[in-house]
4 protein chains.
Amino acid sequence: MVGAVTRIVDYEADSSPWSAREAELLAATLQLLQQHGYERLTVDAVAATAKASKATVYRRWPSKGELVLAAFIEGVRCAAVRPDTGSLREDLLRLGEAITEHAAKHSATIRAVMVEVSRDPALREAMQHQFLDQRKALIESVLQHAVDRGEIKAEAITEELWDLMPGYLIFRSIVPNRPPDRQTVRVIVDNVLIPSLTRPIS
Amino acid sequence: MVGAVTRIVDYEADSSPWSAREAELLAATLQLLQQHGYERLTVDAVAATAKASKATVYRRWPSKGELVLAAFIEGVRCAAVRPDTGSLREDLLRLGEAITEHAAKHSATIRAVMVEVSRDPALREAMQHQFLDQRKALIESVLQHAVDRGEIKAEAITEELWDLMPGYLIFRSIVPNRPPDRQTVRVIVDNVLIPSLTRPIS
Amino acid sequence: MVGAVTRIVDYEADSSPWSAREAELLAATLQLLQQHGYERLTVDAVAATAKASKATVYRRWPSKGELVLAAFIEGVRCAAVRPDTGSLREDLLRLGEAITEHAAKHSATIRAVMVEVSRDPALREAMQHQFLDQRKALIESVLQHAVDRGEIKAEAITEELWDLMPGYLIFRSIVPNRPPDRQTVRVIVDNVLIPSLTRPIS
Amino acid sequence: MVGAVTRIVDYEADSSPWSAREAELLAATLQLLQQHGYERLTVDAVAATAKASKATVYRRWPSKGELVLAAFIEGVRCAAVRPDTGSLREDLLRLGEAITEHAAKHSATIRAVMVEVSRDPALREAMQHQFLDQRKALIESVLQHAVDRGEIKAEAITEELWDLMPGYLIFRSIVPNRPPDRQTVRVIVDNVLIPSLTRPIS
DNA sequence: TCATAAGCGAGACGGTACGTCGTGTCTTACG
DNA sequence: CGTAAGACACGACGTACCGTCTCGCTTATGA
């Protein structure tokens, strides 16, 4: 049964692993990231904003990169809610719009995280387990529901397919000049995903 | 006629605007970027590698960001060749594979460029004209040829569609753990692009 | 009468004012001072060595400086014994050798104490009463005995004279490369002190 | 001939080995040392005072300790002038007073230098060659002149003797509460040095 | 043929952020 | 209640890099 696989990593947001103090620090980090971008974010400023000291920050996260990744994941964790409208098309639209919205707000953070993650295998690991796997489970859950409802066949689901929309939307969000909007999501869902998912299997 | 638009920005690679000295510096930059990533690339190291002095670098490019963007664009310029196999599917496959290959080699650079470009409108401008428009023209040229051959209808071409494959492939390249390969390209072309481009227009 | 002055502060070692716990802490401090010097001595290390917590240390001594001074004075208190050989020359030699020996063992501590004492009037006060006055009384007692025996005249005793040997010996101990030895003491006693103390008063 | 030895290290002040920039930094260091003492001297403050940057300081002196030692030695270098009055007693008085005056002004620096020097063999070496040897040569020169004039015999000069006055004066300067004055110098010269240097050799 | 200028290497400089460490204060939980 | 454990704010340390600048040296041209 396919559904079982979906449950290996559940899409349900876990309760936060952070203490109140840590959450404050991550919130300060996220806020400063949005305002100034990664390069102009200083750990001193994070500490000052959270009325903490640098040592308090570095006790938790051994480098600026880890701090930013944690802040990013924490930001995503809150936003990850599975849509459940009863219709695959609606679910996908909502999912796409949620991603679009979140990515628009945190594009600087996403860019920074990509750079940091590529430099440190430990960060890569964290990114994989705490973010990518979560998102994968979320989408698979949406698709699995559609399979359960008989809207699509399980065989139509490929890695590339479920990954396509989030990947492309994020790409558009972090590349200058063309942030995605509702229209972008609609076109992808209606012209790409739904046709591909519902066409007869060769 | 649609083809005329395509020619506004030609996909043909222009001859390099750089002198031999400048090309050396860009080559050194590109090499160090591949080896160490953006953050650990220092202008000192670029100068040393090219046996130049920092002043020589800064005379050309007023900041590390501009230097890296120039190096990136120069790297792309060489690699941009329009496939012309006579078959849309083949053209798209080759295009996707070329993008995949290039992005694999220069993922660190791409990540860095995204960060830098987002911080400086001047870099954004340069990125737009010297890279994005080029790539757009290249793909439109491929699609236009298919229209000319009668393989697809001009109306089937949407911004999202021609942009989808490059965007997704680059996304996959710069995100950890799942670099795209020929199979990825094949699935996108066969399961997404061709179906979407050839399905009857509603 | 001269002897009366000597008795204002007695040279006799008082019984220690410290509890067993406090003595442990001071011993740990002294040991770490000898091993690593003042700068590299940390209050954390003192606490850890004595299996105590930092709060326990700071409850007794409000700063690192006070702690170190207390440790130093405690170290000296134990070592201060008045020689009484019946001969001024012998007494002075023993005194000088005792100072030499002690200063060699605790040169790092002495240096540190000098720095700390100069920064804090309270420490200066403590140093004065708990150490300098003690030493002064000790030497005056030795000299007074010699006067009582008729070896020297009371008028020959000047502040500079009785202070000269300890001061110079300590100076030599805390300056690099030339720690004093028995020969140093002998030369000072025989060539300087005895001649000066016994020469006819002009 | 005894004079030859004296010339191995000449007491003459060498011309400064520092550039103008470096002299500024050392002057700023010395000034701040006098004002605030070693512990509260920060390299940032030195840089700011000299309108330099920390990197400029650290390029010259690899640590705060080395910087302070250099500043101290530079300060001494300027002040070291050999008295030459034609009378040993006068020469010694002037020497003692010069030492007293200088040590009074720089007592905090001297204490700091002692601590730093004891921690680093390299600093010890520098201290030895650039300061202690200089001072030794200076005093030997004064005594040698007296020998040449027939005031004293060369055999009366011992290491301890010529070292006694500077050592004791510096000791008094760096210990709290009893800074030496002209009277102190006079007593040492008249009651200790002159008698010891002129007494018949046994 | 020589001088004057422009480009270059070398690298010092002011500035700024990093990540580390130690002090002295404070809280929490245990005995 | 005193203590062990240890988190915390503060602030200095020493390092690294950016982008600017000055200094001579080379080279390339104009008198």
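Below, read A as the first sequence line, B as the second, and so on, with proteins coming before strands; counting in each chain starts at 1.
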Is a donor on one side and an acceptor on the other found under 3.5 Å between the side chain of R119(D) and the backbone of V115(D)?
no

Using a heavy-atom cut-off of 4.0 Å across all strands, would you classify R40(C) as base, sugar-phosphate, or nothing?
nothing

Any donor and acceptor pair, going by atom type alone, linking the side chain of E22(C) with main-chain N or O of S19(C) inside 3.5 Å?
yes

Outermost nucleotides of DNA chain F that come under 4.0 Å of a non-hydrogen atom of chain C:
dT3(F) to dA7(F)

Hey, are the side chains of E116(A) and V68(A) touching, using non-hydrogen atoms and a 4.5 Å cut-off?
no

Protein N or O to nucleotides 28-31 of chain E N or O, pairs below 3.5 Å:
none

R59(A) CZ to dC21(E) C1': how many Å, rounded?
12 Å

Ignoring hydrogens and geometry beyond distance, is a side-chain donor-acceptor pair present between R111(B) and S107(B) at under 3.5 Å?
yes

Those residues that, when tested against I73(A), pass side-chain contact (heavy atoms from CB on, under 4.5 Å) (two or more places apart)
L69(A), Q130(A), F131(A)

Between the protein and nucleotides 23-25 of chain E, list the N/O to N/O atom pairs that are separated by less than 3.5 angstrom.
from: dT23(E); atom 1: OP1; to: L41(C); atom 2: O; distance (Å): 3.3
from: dT23(E); atom 1: OP1; to: K64(C); atom 2: NZ; distance (Å): 3.3
from: dT23(E); atom 1: OP2; to: V43(C); atom 2: N; distance (Å): 3.2
from: dG24(E); atom 1: OP2; to: Y58(C); atom 2: OH; distance (Å): 3.1
from: dG24(E); atom 1: OP2; to: K64(C); atom 2: N; distance (Å): 2.9
from: dG24(E); atom 1: N7; to: K54(C); atom 2: NZ; distance (Å): 3.0
from: dG24(E); atom 1: O6; to: K54(C); atom 2: NZ; distance (Å): 2.6

Using a heavy-atom cut-off of under 4.0 Å over every strand shown, decide if R60(D) touches base, sugar-phosphate, or nothing.
sugar-phosphate

With side chains defined as the heavy atoms from C-beta onward, is the minimum distance between N177(D) and Q128(C) less than 4.5 Å?
yes

Flag the pair M114(C) / I174(C) as yes when at least one side-chain heavy-atom distance between them is below 4.5 Å, and no otherwise.
yes

Please name all residues satisfying side-chain contact (heavy atoms from CB on, under 4.5 Å) with A103(B), sequence neighbours left out, ordered by chain then number.
I110(B), S173(B)

Heavy-atom side-chain contact between L30(D) and L26(D) under 4.5 Å
no

Sorted by chain and number, sequence neighbours left out, salt bridge (charged side-chain N to carboxylate O under 4.0 Å, His left out) with D44(D) holds for K54(D)

